[in-house]
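Naming convention: chains lettered A, B, ... in sequence-line order (proteins, then strands); numbering from 1 in each chain.
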4 protein chains.
Amino acid sequence: MTKDIKAKEERKFDIVLAAIRLFSRDGFYATRVPDIAKEVGMSAGNIYNYFKSKEDLAKCAIRYCTNVLANKLREINNMDITTREKIEHFVKGYFEVVEKFPELTEFFLRVYLANREVFSKRCDNGYECASEFIEEVGRLLDNGAAAGDLQKQDFHVAFSMIMGPLGCFTFLTGENVLEKNVIKYAPDIAENIYLALSKR
Amino acid sequence: MTKDIKAKEERKFDIVLAAIRLFSRDGFYATRVPDIAKEVGMSAGNIYNYFKSKEDLAKCAIRYCTNVLANKLREINNMDITTREKIEHFVKGYFEVVEKFPELTEFFLRVYLANREVFSKRCDNGYECASEFIEEVGRLLDNGAAAGDLQKQDFHVAFSMIMGPLGCFTFLTGENVLEKNVIKYAPDIAENIYLALSKR
Amino acid sequence: MTKDIKAKEERKFDIVLAAIRLFSRDGFYATRVPDIAKEVGMSAGNIYNYFKSKEDLAKCAIRYCTNVLANKLREINNMDITTREKIEHFVKGYFEVVEKFPELTEFFLRVYLANREVFSKRCDNGYECASEFIEEVGRLLDNGAAAGDLQKQDFHVAFSMIMGPLGCFTFLTGENVLEKNVIKYAPDIAENIYLALSKR
Amino acid sequence: MTKDIKAKEERKFDIVLAAIRLFSRDGFYATRVPDIAKEVGMSAGNIYNYFKSKEDLAKCAIRYCTNVLANKLREINNMDITTREKIEHFVKGYFEVVEKFPELTEFFLRVYLANREVFSKRCDNGYECASEFIEEVGRLLDNGAAAGDLQKQDFHVAFSMIMGPLGCFTFLTGENVLEKNVIKYAPDIAENIYLALSKR
DNA sequence: CATGAATGAGGCTTCATTCAT
DNA sequence: AATGAATGAAGCCTCATTCAT
């Protein structure tokens with residue numbers, strides 16, 4: 001019983017991973033349900049025993065990606081280190097995901113940012129889908145300001161200074177135009193972000 | 001004769017504008033050719049007298065968007081002002097586009113950045129499609145460094161510090177989560193960018 | 001222009017007729033849209049330029065069938081003859097339809113009576129879909145009673161004595177169990193109905 | 001052993017009843033096998049331990065419904081009462097079924113009469129599936145004629161005068177358009193039928 | 001006998017694109 | 001250049017049925 005339920009959850013997770021892989025490579029629309037099924041090694045029809053629709057699957061995938069990043073950032077937020085170190089850790093951590101599991105961030109960029117029509121029905125706006133992660137960014141900034149490390153700024157302004165460059169690097173990695181491994185860029189990016197946000 | 005050709009070019013432009021409008025709102029795939037036709041006030045079939053395919057139309061649209069931004073930045077680059085002022089002008093100019101012609105930047109974000117499969121066939125990578133604009137960003141950075149205003153940095157690192165936040169704000173505007181008019185954020189964003197990139 | 005619209009209406013009518021043909025023979029579900037398309041000589045996709053869905057097509061077909069019968073009965077109601085003659089005319093007229101256009105009545109029996117789930121969404125109940133026809137039956141009975149020819153009776157009771165036997169013969173014709181041509185049964189059926197309903 | 005077989009038969013009967021319930025409500029095609037399984041409280045797969053196919057199940061259901069009505073009519077035929085009383089009893093008995101077990105007659109009307117394609121494969125024509133019942137109607141008419149109560153008539157004509165109105169009322173009940181309880185209509189219907197068929 | 005995950009065939013529908021007018 | 005009916009290729013999804021457990 002319990003074992004079967006566990007097996008079912010695992011199978012569901014397999015599908016999500018496969019979907020992320022293909023969605024990030026080919027986009028939401030160009031990825032066909034049978035493609036995903038093949039990637040997991042099951043029949044297309046069976047996908048529908050796990051997810052209500054292709055859209056539903058994409059939403060689950062987004063939620064998973066958001067969680068991974070949110071958890072990563074939450075851990076860092078809970079560490080007892082300086083704000084500057086937190087930013088360094090986060091940029092490095094994010095880039096590690098970009099390197100080791102590029103589909104995750106690519107998927108985020110390609111499917112979430114770009115196919116709003118897919119998500120806007122469930123989430124009031126796509127933004128909310130990622131709320132967990134966004135809140136964590138908020139904590140990073142608030143704590144930094146409280147500690148006197150960061151300049152007090154409008155949230156969206158500060159948010160864009162962190163996530164903008166990271167998103168940009170996700171894109172550049174996907175375009176294959178970087179000369180070095182992404183991770184190599186982490187220290188410089190972190191420093192730039194810190195310079196932009198730190199108390200002047 | 002010449003007049004007819006001119007008329008044809010104008011009609012073509014009308015279609016491009018309509019396409020940008022709809023693509024940016026609904027995405028590339030969810031926008032149907034008949035929708036675009038209706039928006040311009042012509043029949044679906046007639047679109048094909050102007051563009052080889054829906055993809056072709058999207059590429060023309062991207063080229064147009066890239067040009068608008070590239071021209072804007074080129075003008076600024078040619079002005080005889082400090083690097084800091086150039087960044088301020090550029091951020092403000094970009095945000096003006098976001099406000100007055102939000103479809104343009106939205107289209108860029110949603111269709112170009114995210115639907116690689118649509119563009120990668122013509123451009124070797126989608127990145128090159130925007131090369132004209134990217135080169136201009138390069139000039140901004142190089143001149144700034146030559147003038148001793150900016151720290152010498154890896155191009156992609158610096159690029160991401162400029163275009164990342166701007167892209168992020170394009171997204172936030174589209175999501176309707178900003179409390180103030182976009183333009184109001186320009187000075188702060190410009191300052192942050194300058195702090196990140198300036199000589200230390 | 002006008003001609004095109006007319007042509008389009010005619011084409012639409014062709015599709016309705018083909019649909020009635022196939023629906024009556026194979027039932028609503030067993031008839032596939034491509035089958036109908038083939039019967040009219042067009043592609044399956046093109047059907048959707050005329051009807052929103054297979055269901056929509058079935059509803060149009062039902063409306064057409066109802067109208068044919070309602071018109072027939074209305075004409076008879078307007079004639080200056082005895083109630084008995086009206087019933088004779090109606091039974092004969094109905095059986096002529098059963099003979100010459102068996103699909104029409106069969107379709108009515110098979111699709112309308114049996115596939116309520118298809119129609120109940122648009123019509124509050126399937127009954128209302130045929131209201132025009134039912135009203136005409138009401139007029140036949142009311143006028144007959146007013147003329148002193150028919151016994152005053154509950155509408156549904158009288159209605160069932162007319163349409164019940166006719167529906168039953170529609171079914172028997174479809175089952176191919178009648179020894180004689182349907183029309184031959186008309187006088188006897190008409191007499192039976194008259195005996196059941198006439199003033200005692 | 002015997003007990004198990006009995007249990008199995010009972011389980012089979014449960015399934016038939018559930019099927020009649022759902023088929024009559026939603027039609028043959030719109031009812032899914034898992035729906036039936038859920039209604040009985042078993043798994044979809046298990047249905048196939050009792051019936052070869054969905055079609056097979058529908059045929060069993062029809063046979064059951066036919067038997068119920070045939071038995072009822074046979075009993076009445078065997079009673080020592082006048083033909084008129086027999087007709088009264090039958091109409092009343094039929095309407096009692098319509099009231100107490102509406103699914104049975106509804107199922108008959110919706111699935112059997114209208115989904116010929118489902119039954120015609122096993123029975124030469126769907127008509128024969130109900131032969132037991134139909135024969136009993138024949139006995140009612142023959143005995144009535146032999147007793148000098150009914151006019152000698154073509155079987156199908158007389159049959160349609162009985163079963164037509166009853167079928168019609170089954171439909172009207174299903175459509176929820178009757179003001180009174182069905183049973184209340186029995187005497188009038190019976191009288192009408194008798195007037196139509198009795199010796200003149 | 002019972003389960004329910006899995007299959008696979010096939011249906012409805014959409015849509016870019018073509019083409020006769 | 002303009003129309004819009006027509007095509008045909010796919011895609012999503014459903015569901016009866018099977019089968020390993």
Rounded distance (Å) that lies between atom C1' of E:dT7 and atom CZ of A:R11: 13 Å
Whole-Å distance separating the CG atom of B:D35 from the C1' atom of E:dA16: 12 Å
Minimum heavy-atom distance A:K54-A:F23, with the two atoms named: CE-CE2, 4.1 Å
Base-pairing string, 5' to 3', of DNA chain E - Watson-Crick or wobble, under 3.5 Å, | interstrand: .||||||||||||||||||||
Exercise: identify the closest heavy-atom pair between D:D56 and D:K52: OD2-N, 3.0 Å
For atom OH of A:Y50 and atom P of F:dC12, their distance in whole Å: 19 Å
Counterpart residues, ring-ring contact (aromatic ring centres under 6.0 Å, His included), relative to A:F101 (two or more places apart): none
Separation of atom CG in D:D14 from atom C1' in E:dC1, rounded to whole Å: 14 Å
Atom of C:V40, atom of C:A18 and distance for their closest heavy-atom approach: CG2-CB, 3.9 Å
Minimum side-chain heavy-atom gap C:F108-C:T66 below 4.5 Å: yes
B:R11 bridged to B:D14 by N-O distance under 4.0 Å: yes
Residue pair B:N115 / A:Y29, side-chain heavy-atom distance below 4.5 Å: no
Presence of D:Y29 side-chain N/O under 4.0 Å of F:dC15 phosphate oxygens OP1/OP2: no
Heteroatom pairs (N/O) under 3.5 angstrom, protein to nucleotides 17-21 of chain E:
unit_1: E:dT17; atom_1: OP2; unit_2: B:Y48; atom_2: OH; d: 2.6
unit_1: E:dT17; atom_1: OP2; unit_2: B:K54; atom_2: N; d: 2.9
unit_1: E:dT17; atom_1: O5'; unit_2: B:Y48; atom_2: OH; d: 3.4

Full working for side chain to side chain contact (heavy atoms under 4.5 Å, CB included) between B:K12 and B:F51: CA-CA 8 Å; B:K12 205 169 166 178; B:F51 298 92; 3.4 Å; yes
Touch class at under 4.0 angstrom, heavy-atom based, for A:F51 against every strand present: nothing
Nearest-angstrom distance from the residue atom CG of C:N49 to P of F:dG4: 12 Å
Atom pair distance, as rounded to whole Å: CG in D:D56 and P in F:dA16: 15 Å
Length of the line joining A:K38:NZ and E:dA6:P, which is rounded to integer Å: 19 Å
Separation of E:dT13 C1' from B:R32 CZ (nearest whole Å): 12 Å
Any donor-acceptor N/O pair, A:R21 side chain to A:E103 backbone, under 3.5 Å: no
